Each structure stands twice: as structure tokens, then as C-alpha cells.
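Structure first, then comments.
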Amino acid sequence: MRHYYSVLDDKRISRHIKPANMSFFKTPFVRMLPAQVLDVHATADAEFTDWLPLSTSQPLLSDPMKRIIELYNTQARFKQVYLVNRELSRQELYWIPSVPSVDGISEQTEFYAHDQTLKHLVLDSQKLKEHHFFRLSGVREPYFIVSLEAAESLLRRSLSGFQLQKLEIL
């Protein structure tokens, strides 16, 4: 049985990067231009990590991370986003992903009754089969899931900005 991990923002990193305009993240992926510029405010010591969660539902991926993810999910689509900090004359290439959702939730998953948020996530191995990087469907929170193989590939390259949490699977 394959192991799976949830990709979480690394809360130990103080990024100090703020988008000048958050409406960028409200635009549906299909309506986004193939390449865009997003002005950001950042301090001189800001870390432009490989997994960059500028919004709660949509992380940005560095170019090395995007190249790995697209190997593990050929259906994922990406659009270029240039993060530009005009005060520091700094520009970084990132990618905004559109990752297909997979219904991989087991019947043993528990939700809170008052708002239907996840209480205890259990994945169903039969539903996941050959998936290596995907969004979890059927939940309110944005969950990005990677297989053990994809997780090892990300970790071997010392990519930053994320933590992995092992998930229970049946």
C-alpha cells in the first residue's frame, strides 16, 4: 500500500511577502492569462520559498517544484506568475497550478457537524490508485496530497516552504 502525505505550509518560515493585490487569487484559473505579473511587498530578508502560500487556497510553486510536480501529475496545468518587488528590484518566476481533484476520502473520514470541516481524514487506497499529486475533493479546506514517491522526489531536491504530514489510509 502506498503512503500519502498532506502538503502543509511551513509555519516556521517568516516570509514577509504580501501581494499588492489579492484579487489576483480570486480569478478562476481558466480566465488567467498564460503569464502575469503580481506586485508584492517584501522585506530584504524575505524568503521566496519553493512552496509559496500567498493565499490560503492557492499556493505558488517555484520553477524547480513545478518541474517535479508535472512529472507526477501530467494533467496538472500551470500559468506563469512573475512576482515583482519594485522596492528591492527583485523578480522571481513562480507558477500557479491547476491540479485535478480526486475523491479519495474513505467512509471513515469524520467531519465536524457544525461546519462540515474535517475532523479526521482517512484516505481510501482503492480510490487513489495511480495518483501522485492531487487536490482532495469533497472537503471544504484546500488539501494538496502527494504520494510517498513524489514526496521523496521533492525532499531529495531540498525544496522549501512546506511540511509533509503523513495521512491515514485504508
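From a predicted model like this one, the values you see are computed outputs, not experimental measurements.
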Short side-chain donor-acceptor distance under 3.5 Å, Q108 and S106: no
Identified side chain to side chain contact (heavy atoms under 4.5 Å, CB included) counterpart of E168 within the set V122, L123, T109, L121: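 Exactly one candidate clears the test, V122.
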With sequence neighbours excluded, residues passing side-chain hydrogen bond (donor to acceptor under 3.5 Å, both in side chains) with R86: D39
Ring geometry between F134 and Y4 (parallel below 30°, tilted from 30 to 60°, perpendicular above 60°): perpendicular
E110, CD: over 12 other non-hydrogen atoms inside 6.0 angstrom: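 Above 12, so yes.
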Heavy-atom neighbours of K18 NZ exceed 12 at 6.0 Å: no
State the [atom1]-[atom2] distance between [X] and [Y], to the nearest 0.5 angstrom.
X    : Y    : atom1 : atom2 : value
F133 : E70  : CZ    : CD    : 11.5 Å
Y143 : Q165 : OH    : CD    : 7.0 Å
L61  : R67  : CG    : CZ    : 12.0 Å
N73  : I68  : CG    : CD1   : 14.0 Å
D10  : S160 : CG    : OG    : 8.5 Å
I169 : Q126 : CD1   : CD    : 9.0 Å

Under 4.5 Å between side-chain heavy atoms, counting indirect links through other Ile/Leu/Val/Met/Phe/Trp/Tyr residues: same cluster for [X] and [Y] or not?
X    : Y    : value
L60  : L88  : no
L148 : V146 : yes
L159 : L8   : no
L71  : Y5   : yes
L170 : L118 : no

Is the side chain of [X] donor-acceptor paired with the backbone N or O of [Y] at a distance under 3.5 Å, no angle test?
X    : Y    : result
Y72  : A151 : no
S137 : V102 : yes
N85  : A42  : yes
K79  : M32  : yes
R77  : T74  : yes

Within the 4.5 Å heavy-atom criterion, are [X] and [Y] side-chain neighbours or not?
X    : Y    : result
R12  : Q163 : yes
L128 : I145 : no
Y94  : F48  : yes
D124 : I105 : no

ring-ring contact (aromatic ring centres under 6.0 Å, His included) partners of F78, counting only residues at least two apart: none
Closest non-hydrogen atom pair between [X] and [Y], with its separation:
X    : Y   : result
D50  : S62 : OD1-OG, 2.6 Å
P19  : V40 : CA-CG1, 4.0 Å
P100 : Q75 : CG-CB, 3.7 Å
R135 : Q58 : NH1-OE1, 3.5 Å

Pair Q36-Q80, side-chain contact (heavy atoms from CB on, under 4.5 Å): steps then yes or no: CA-CA 6 Å; Q36 303 176 74; Q80 290 180 331; over 6 Å; no
Step-by-step side-chain contact (heavy atoms from CB on, under 4.5 Å) determination, F144 to W51: CA-CA 12 Å; F144 288 90; W51 175 272; 3.8 Å; yes
Pairs flagged by side chain to side chain donor-acceptor pair (under 3.5 Å) wherever residues 95-105 is involved - sequence neighbours left out: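 Residue pairs with at least one partner in residues 95-105: D63-W95.
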Stepwise side-chain contact (heavy atoms from CB on, under 4.5 Å) test for E149 and S153: CA-CA 6 Å; E149 295 89 341; S153 187; over 6 Å; no
Pair L52-F162, side-chain contact (heavy atoms from CB on, under 4.5 Å): steps then yes or no: CA-CA 8 Å; L52 191 58; F162 64 95; over 6 Å; no
